[in-house]
Number of protein chains: 2
Amino acid sequence: MKSRRTRSQTQVLDLLKQLENAISAQELYAQLKQRKISVGLATVYRALESLKLEGVVQVRTLPSGESLYSPAQADTHHLTCLRCGNSIEVTECPVHGLEHHLNESHQFQIFYHTLEFFGLCETCQLKGAS
Amino acid sequence: MKSRRTRSQTQVLDLLKQLENAISAQELYAQLKQRKISVGLATVYRALESLKLEGVVQVRTLPSGESLYSPAQADTHHLTCLRCGNSIEVTECPVHGLEHHLNESHQFQIFYHTLEFFGLCETCQLKGAS
DNA sequence: TTTACTGCAAAGCATTTGCAGGGCG
DNA sequence: CGCCCTGCAAATGCTTTGCAGTAAA
């Protein structure tokens with residue numbers, strides 16, 4: 001067995017909890033540096049990976065391929081414009097019943113879910129296709 | 001105004017409709033070649049981008065950063081293991097009411113949504129953290 | 001002819017991996 | 001002393017972009 005949390009894991013998790021919004025690994029790395037916490041980018045990724053498997057951190061992967069990390073309790077979802085990429089937060093969430101159901105029917109240990117709506121925002125609808 | 005569909009857009013969309021499952025741009029490119037349809041990879045990406053904005057193709061971005069494309073009518077969601085990456089399809093979907101609601105409350109033109117549950121599958125639960 | 005589409009190759013970027021040094025038990 | 005954690009730099013892989021040739025209107 002190994003120690004429950006490494007130093008970098010603790011630092012990363014602490015910062016994630018302090019921040020209000022989900023954040024990318026790159027930004028997280030920058031923020032840590034800014035706070036005089038010396039850590040390598042690869043280490044940030046490795047810490048996030050472990051925390052993810054532990055179930056304390058959740059991930060949302062953007063269409064750009066970038067991933068945003070946040071503590072795994074938030075139940076915030078998104079309404080995203082396919083054209084400009086802007087996201088609006090959605091707090092309503094009708095899937096918890098289903099989550100419990102899947103948990104049992106598939107023997108899965110579900111940590112969290114992501115729900116995202118895609119389309120065109122009002123502004124981008126006016127611009128037409130291109 | 002431009003022609004409604006370019007040749008490559010038609011080819012890409014036709015193939016997407018023929019296939020049962022969502023497919024990556026790279027695979028799509030390979031499949032087209034295999035069918036003797038000469039097309040560049042960049043063109044495949046550009047066609048997918050246009051079809052996406054048109055609302056006829058939907059995208060799901062995997063944690064790996066790779067994106068899977070499919071015709072935008074499927075209402076298939078996923079239960080994904082954070083450790084091994086395997087996905088199980090989920091056909092239940094309790095979010096349509098919310099979708100309609102958001103459509104109106106935010107002046108968004110919603111094309112589709114993604115819903116994904118993350119956790120550990122039965123097999124990976126047994127392996128413990130590492 | 002004029003404009004938009006296409007293909008190739010080069011670039012861009014987030015993420016992952018190899019490896020050697022360092023810290024902790 | 002030995003093992004895991006770290007950090008740097010190199011490598012990977014998907015996607016995007018620049019540019020010149022091509023097809024279409």
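Lettering follows sequence order; numbering is per chain, from 1. The structure displayed is predicted, hence computed values, not measured ones.
- Side-chain atoms of B:Q9 do not come within 3.5 Å of backbone N or O of B:A47 as any donor-acceptor pair.
- The closest donor-acceptor contact from the side chain of A:T43 to the backbone of A:V39 lies at 3.5 Å or more, if one exists at all.
- Put simply, the side chain of B:E116 never gets that close to the backbone of B:R60: no donor and acceptor are under 3.5 Å apart.
- The interatomic distance linking A:Q11 (CD) with C:dG23 (P) rounds to 14 Å, in whole Å.
- Distances shorter than 4.0 Å separate some side-chain N or O of B:Y45 from OP1 or OP2 on D:dT15.
- Contact check, B:T6 against C:dA4: no side-chain N or O comes under 4.0 Å of OP1 or OP2.
- Per the geometry, CG belonging to A:L48 stands 17 Å off C1' belonging to C:dT17, to the nearest Å.
- A:V90 and A:L82 are not part of a single hydrophobic cluster, where members link through side-chain heavy atoms under 4.5 Å apart.
- Protein atom CZ of A:R5 is 13 Å distant from nucleotide atom P of D:dT6, rounded to whole Å.
- When ring centroids are compared, A:F118 and B:F111 stay outside the 6.0 Å threshold.
- At a threshold of 4.5 Å between non-hydrogen side-chain atoms, the residues B:T61 and B:E66 do not count as touching.
- To the nearest 0.5 Å, atom OG of residue B:S70 and atom CG of residue B:N21 are 9.5 Å apart.
- The interatomic distance linking A:R4 (CZ) with D:dC5 (P) rounds to 12 Å, in whole Å.
- Here C:dC5 presents its C1' atom at 14 Å from CG of B:L51, a figure rounded to the nearest Å.
- Note: CD (B:E66) to C1' (D:dC14) measures 7 Å, nearest angstrom.
- For C:dC13, the OP1/OP2 oxygens have no side-chain nitrogen or oxygen of A:S64 closer than 4.0 Å.
- The CD atom of A:E49 sits 15 Å away from the P atom of D:dT6 (whole-angstrom rounding).
- Of the residues in residues 19-28 of chain A, those with a non-hydrogen atom less than 4.0 angstrom from any atom of DNA chain C are A:A25, A:Q26.
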Show the numbers, then the answer: is there a side chain to side chain donor-acceptor pair (under 3.5 Å) between B:S87 and B:T80? CA-CA 4 Å; B:S87 278; B:T80 299; 2.7 Å; yes
Tabulate atom names and distances for all N/O pairs under 3.5 angstrom spanning the protein and nucleotides 7-11 of chain C.
| from | atom 1 | to | atom 2 | distance (Å) |
| --- | --- | --- | --- | --- |
| C:dG7 | OP1 | B:S38 | O | 2.9 |
| C:dG7 | OP2 | B:G40 | N | 2.8 |
| C:dG7 | OP2 | B:T43 | OG1 | 2.7 |
| C:dG7 | O5' | B:G40 | N | 3.4 |
| C:dG7 | N7 | B:R46 | NH2 | 2.7 |
| C:dG7 | O6 | B:R46 | NH2 | 3.1 |

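- Summarising the geometry, the separation between CG on A:L68 and C1' on C:dA14 is reported as 12 Å, rounded to the nearest angstrom.
- For residues 69-89 of chain A, every residue pair satisfying the ring-ring contact (aromatic ring centres under 6.0 Å, His included) rule, not counting sequence neighbours, is listed here: A:H77-A:H113.
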